[in-house]
Amino acid sequence: MRYSRMFIPTAKEAPKDAVIQSHILMIRAGLVKKVSSGIYALLPLGYRTVKKVEQIIREEMDRIGGNEFYLPVLIPGELWKTSHRWYDMGQELFRLSDRGEQDYVLAPTHEEVFTYIVKDHLKSYRDLPLTVYQIGLKFRDEIRPRFGVMRGKTFIMKDAYSFHPEKDDDSLHKTYSDMSGAYRRIFLRCGLETIPVAADSGAMGGSQSEEFMVSAAIGEEEIVRCPDCGYVANTEKATCRLEEITYEDTGKLTLVETPNVKTIDDLSDFLGIGPDRLIKTLCYKTSDGEYVLALIRGDLEVHETKLKNYLGVSDIEKAKGEEALSKLKIPMGFAGPVGVRGARIVADKSVGMMKGCVTGANRLDYHYKNVNAGRDFVPERYIDIRVVGDGDSCPECGGRLFSFRGIELGHIFKLGDKYSRAFGVTYLDEGGETKVPLMGCYGIGVERTVAAVIEQNHDKDGIIWPMSVSPFHVHLLPVKYDGDMKEAAELLYTELSESGVEVLIDDREERAGVKFNDADLIGIPFRVTIGGKSLAEGEVELKVRASGESKRIAVKNAASVLQNMVRKELDRYGADGHFEGSAQ
RNA sequence: CGGGCUAUAGCGCAGUUUGGUAGCGCGCACGGUUCGGGACCGUGAGGUCGUGAGUUCAAAUCUCACUAGCCCGACCA
């Protein structure tokens with residue numbers, strides 16, 4: 001491609017709403033343009049990279065037997081009512097209706113459509129297992145779009161679904177681990193180091209689930225890892241060993257006056273007791289309108305996602321002060337589990353052994369002391385709802401966990417039969433009996449992957465593309481697009497292009513400095529400078545964007561040398577040595 | 001949705017306190033000099049000052065309402 005003909009709006013300064021490097025660089029290098037909050041247009045350079053990532057995904061999906069589809073994004077609401085997600089999903093689902101007032105959704109994922117299609121054609125156990133996928137646009141009415149392309153209202157996602165014989169967990173597990181392997185290769189081929197993390201399955205339902213994370217300070221996920229045994233988990237799911245604390249029965253329940261002492265810290269100071277002797281009581285309201293008291297040891301925090309998952313509701317929120325008072329007669333700051341009516345009581349495991357402790361008395365300015373769990377109150381269950389973080393003990397080996405932040409690029413789930421059952425998907429088994437298949441689902445955020453590549457591969461001057469996803473392989477830079485330099489550059493351009501190397505030639509009549517800076521910003525792995533002096537000596541100059549190394553090559557060999565270097569570099573990112581030639 | 005903030009030329013910003021009819025840098029166009037790391041000189045184009053109402057002789061500036069966007073939190077690929 002010729003730079004002068006290509007739409008590449010580079011900029012010295014990025015708009016102030018870009019706060020992370022990948023976002024700033026995507027805008028400055030002319031990869032994307034914001035159309036509205038959370039909605040981005042891919043410009044030619046950005047789209048080239050996106051297509052390469054898609055192609056890598058496609059190759060890896062096909063390798064494990066995936067069938068690629070192209071599905072509509074406008075979906076009849078009927079399908080979503082069948083799966084019940086029309087009602088469950090809440091406001092992030094874009095809903096609309098046509099002139100006949102038929103309901104539609106803009107698909108945020110494609111379980112419904114794929115299940116609908118498979119239902120009609122799946123007849124026999126011989127058709128299983130089946131893996132289908134597509135790469136396409138998704139819509140989510142995100143509450144807060146963020147970080148450019150990282151979290152948008154529209155985004156490209158690869159989503160795959162697998163179908164397996166009923167109760168055949170081995171078959172499901174086989175595809176699940178094939179996916180896990182494919183995901184590792186995909187990210188590796190994109191030049192990314194990802195960390196597979198045990199995760200929460202969230203609203204999707206299902207059992208096992210694994211997220212593919214890239215470590216990044218701006219990541220939206222918090223992950224804990226044990227350096228000793230390698231345990232890794234999203235904090236939505238992570239557990240830890242319970243600290244050994246000795247509690248003693250201190251006698252019978254006693255009311256104690258605690259005027260205006262509302263927080264754990266204040267209470268701890270006021271009574272001169274450590275926070276691990278206090279039971280924190282948080283009052284939640286579920287999306288079903290139920291009230292729940294969540295109990296946890298005073299020095300710990302409740303993880304709302306864990307609590308929500310246990311309760312099996314789509315959302316929870318802290319109950320408003322007035323509401324807790326009027327509905328449950330619980331004054332804010334003095335809440336406790338003793339004698340409460342009208343609310344479920346759920347306790348973290350840390351509360352299970354607590355004796356001789358302090359809780360709110362549900363009476364303004366009073367707490368109870370000498371509280372024993374099990375005696376003075378009985379929660380419906382002791383479960384793990386605590387926030388696990390730095391310094392907690394690894395549940396596997398007891399080592400000290402540390403936490404870090406990550407960006408979620410992919411997520412794989414075992415779904416079970418929720419969707420197949422809802423849609424009435426069945427097949428006949430060997431014995432001629434009707435069965436319901438198990439399902440798995442597997443997603444990758446495409447633009448987000450591109451953003452992560454930039455996040456991990458850039459310097460102060462711009463992007464440093466891995467060859468596998470770079471919009472071009474070689475950037476030809478004639479210092480002057482005129483005379484001998486122009487001629488040599490054009491010749492090299494033709495030779496390289498004909499041999500399958502993707503070349504961007506900077507044929508603009510710009511000053512050298514401008515061209516160099518744009519080249520660094522755009523970040524194509526190999527830059528070849530065709531300058532007056534070296535050309536007079538029959539040479540051109542190769543600069544490797546990543547290392548900054550440069551060397552001279554004889555003009556007459558340049559095409560073949562570059563061709564080999566590009567090939568070698570592409571092979572480095574090939575998976576298992578199977579990678580063949582250019583990513584296009 | 002809760003908390004914080006912003007809105008003036010394509011981008012980055014000043015001007016708002018104390019009302020007087022809009023400016024700087026980058027970018028863009030033209031001319032000239034320059035020409036291997038974002039050159040210089042000159043000329044020029046480009047603005048409903050987020051929207052609407054109000055106060056006033058006069059509003060980017062003061063008042064009210066609204067809208068959009070950004071940051072922190074809850075949701076997700």
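This is a predicted model, so every value here is computed, not measured. Only heavy atoms go into these numbers, but all of them, side chains included; no hydrogens, no water, no symmetry mates. Within every chain, numbering begins at 1; the chains are lettered A, B, ... in the order of the sequence lines, protein sequences first and strands thereafter.
Note on A/R140: every side-chain N or O is 4.0 Å or more away from OP1 and OP2 of B/A77. Contact annotation: A/S36 side-chain N/O to B/G69 OP1/OP2 distance is under 4.0 Å. Distances shorter than 4.0 Å separate none of the side-chain N or O atoms of A/R511 from OP1 or OP2 on B/U34. The shortest distance between the side-chain N/O atoms of A/T109 and the OP1/OP2 oxygens of B/A77 is not below 4.0 Å. For A/T449 and B/A77, the shortest distance from a side-chain N or O to OP1 or OP2 is not below 4.0 Å.
Rounding to whole angstrom units, NZ of residue A/K515 and P of B/A39 are separated by 13 Å. Taking atom OH of residue A/Y284 and atom P of nucleotide B/A74, one finds them 11 Å apart after rounding to whole Å. Rounded to an integer number of Å, the gap from A/R151 CZ to B/C70 C1' is 16 Å. Between the CD1 atom of A/I27 and the P atom of B/C70 there is a distance of 11 Å, rounded to whole Å. For the pair A/D520 CG and B/G38 C1', the interatomic distance rounds to 11 Å; values are reported in whole Å. Rounded to whole Å, atom P of B/G12 lies 13 Å from atom CZ of A/R28. Rounded to whole angstrom, the span from the CD atom of A/E408 across to the C1' atom of B/C76 amounts to 7 Å. Summarising the geometry, the separation between NZ on A/K33 and C1' on B/G69 is reported as 13 Å, rounded to the nearest angstrom.
Between the side chain of A/E221 and the base of B/C76, a donor-acceptor pair under 3.5 Å is found. Interface remark: the A/R146 side chain does not form any donor-acceptor pair with the B/C72 base, using a distance-only criterion of under 3.5 Å.
The separation of B/C76 from B/G15, taken at their C1' atoms, amounts to 43 Å, rounded to a whole angstrom. The C1' atoms of B/G47 and B/A9 are separated by 5 Å, rounded to the nearest whole Å. Straight-line distance between the C1' atoms of B/C49 and B/A22: roughly 8 Å, to the nearest whole Å. Remark: the separation of the C1' atoms in B/C30 and B/A45 is 10 Å, to the nearest Å. Comparing the C1' positions of B/U17 and B/C28 gives an interatomic distance of 35 Å, to the nearest angstrom. As rounded to the nearest Å, B/G19 and B/C13 have P atoms that lie 27 Å from one another. A gap of 15 Å separates the C1' atoms of B/U34 and B/G38, to the nearest Å. Comparing B/U51 with B/A7, their P atoms are spaced 14 Å from each other, to the whole Å.
Pair assignment for B/U48: none, as no Watson-Crick or G-U wobble contacts are both less than 3.5 Å. Base pairing of B/A68: its partner is B/U6, meeting the Watson-Crick or G-U wobble criterion (both donor-acceptor distances under 3.5 Å). Under the Watson-Crick or G-U wobble criterion, with both distances below 3.5 Å, B/U33 is paired with B/A39. Searching all strands for a Watson-Crick or G-U wobble partner of B/G73 with both distances below 3.5 Å returns B/C1. The partner of B/G23 is B/C13, judged by Watson-Crick or G-U wobble contacts that both fall below 3.5 Å. The pairing partner recorded for B/A58 is none, the criterion being a Watson-Crick or G-U wobble arrangement whose two distances lie under 3.5 angstrom.
Ring geometry for A/F139 versus A/F94: interplanar angle over 60°, hence perpendicular rather than tilted (30 to 60°).
The side chain of A/N517 lies closest to B/G37, out of B/G36, B/G37, B/C75. Among B/G36, B/G38, B/A77, the nucleotide with an atom closest to any side-chain atom of A/D518 is B/G38. The side chain of A/S37 approaches B/C70 more closely than any other nucleotide in the set B/A77, B/C70, B/G73. Listed candidates were B/A77, B/A39, B/G37. Nearest to the side chain of A/K543 is B/G37.
Mapping A/K34 and A/E220 onto RNA chain B by nearest heavy atom places A/K34 at the nucleotide closer to the 5' end. Both A/E92 and A/G531 lie close to RNA chain B; mapped to their nearest nucleotides by heavy-atom distance, the more 5′-ward contact belongs to A/G531.
A cation-pi geometry, defined here as NZ or CZ lying under 6.0 Å from the six-membered ring centre and within 45° of its normal, holds between A/R48 and A/F472.
Among the atoms of the strands shown, base atoms are found under 4.0 Å from some heavy atom of A/E142. A/S534 comes within contact range of at least one nucleobase, with a heavy-atom separation under 4.0 Å. Across all strands, A/G152 comes closer than 4.0 Å to base atoms (heavy-atom distances).
Only A/K12, A/E13, A/A14, A/P15, A/K16, A/D17, A/V19, listed by number, bring a heavy atom of residues 8-22 of chain A to less than 4.0 angstrom from any atom of RNA chain B.
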Checking side chain to side chain donor-acceptor pair (under 3.5 Å) for the pair A/Y284/A/E290: CA distance, chi angles, key distance, verdict?
-> CA-CA 8 Å; A/Y284 287 95; A/E290 223 179 1; over 6 Å; no
Please evaluate residues A/R58 and A/E68 with respect to the criterion salt bridge (charged side-chain N to carboxylate O under 4.0 Å, His left out), reporting the C-alpha separation (whole Å), side-chain torsions for both, the decisive distance (0.1 Å), and the verdict.
CA-CA 8 Å; A/R58 188 170 285 126; A/E68 186 174 11; 2.8 Å; yes
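Centroid-to-centroid, the aromatic rings of A/F69 and A/F114 come within less than 6.0 Å. The six-membered or imidazole ring of A/Y310 lies away from that of A/H303, with a centre-to-centre distance of 6.0 Å or more.
Residue A/D484 qualifies as open at atom CG: its count of foreign heavy atoms under 6.0 Å is 12 or below. The local environment of OH in A/Y116 is sparse, with at most 12 non-hydrogen atoms from other residues, nucleotides or ligands closer than 6.0 Å.
The side-chain contact (heavy atoms from CB on, under 4.5 Å) search around A/A451 returns A/S22, A/M26, A/V149, A/M150, not counting sequence neighbours. With sequence neighbours left out, the salt bridge (charged side-chain N to carboxylate O under 4.0 Å, His left out) criterion links A/K81 to A/D103. With sequence neighbours excluded, no residue forms a salt bridge (charged side-chain N to carboxylate O under 4.0 Å, His left out) with A/E541.
Of the options A/W86, A/W80, A/Y87, a ring pair (Phe, Tyr, Trp, His ring centres under 6.0 Å) to A/H84 is made by A/Y87 and by none of the others.
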I'd like a list of close polar pairs between nucleotides 28-33 of chain B and the protein, N/O only, cut-off under 3.5 Å.
none

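Residue ring and base: A/F516 does not count as stacked with B/G36 (centre distance below 5.5 Å and interplanar angle below 30° not both satisfied).
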Check residues 4-18 of chain A and write down every donor-acceptor pair under 3.5 Å in which the side-chain atom is one partner and the other belongs to a residue at least two apart or another chain.
unit_1: A/S4; atom_1: OG; unit_2: A/D507; atom_2: OD1; d: 3.1
unit_1: A/S4; atom_1: OG; unit_2: A/D507; atom_2: OD2; d: 2.7
unit_1: A/T10; atom_1: OG1; unit_2: A/D518; atom_2: OD1; d: 2.9
unit_1: A/D17; atom_1: OD2; unit_2: A/K34; atom_2: NZ; d: 2.8

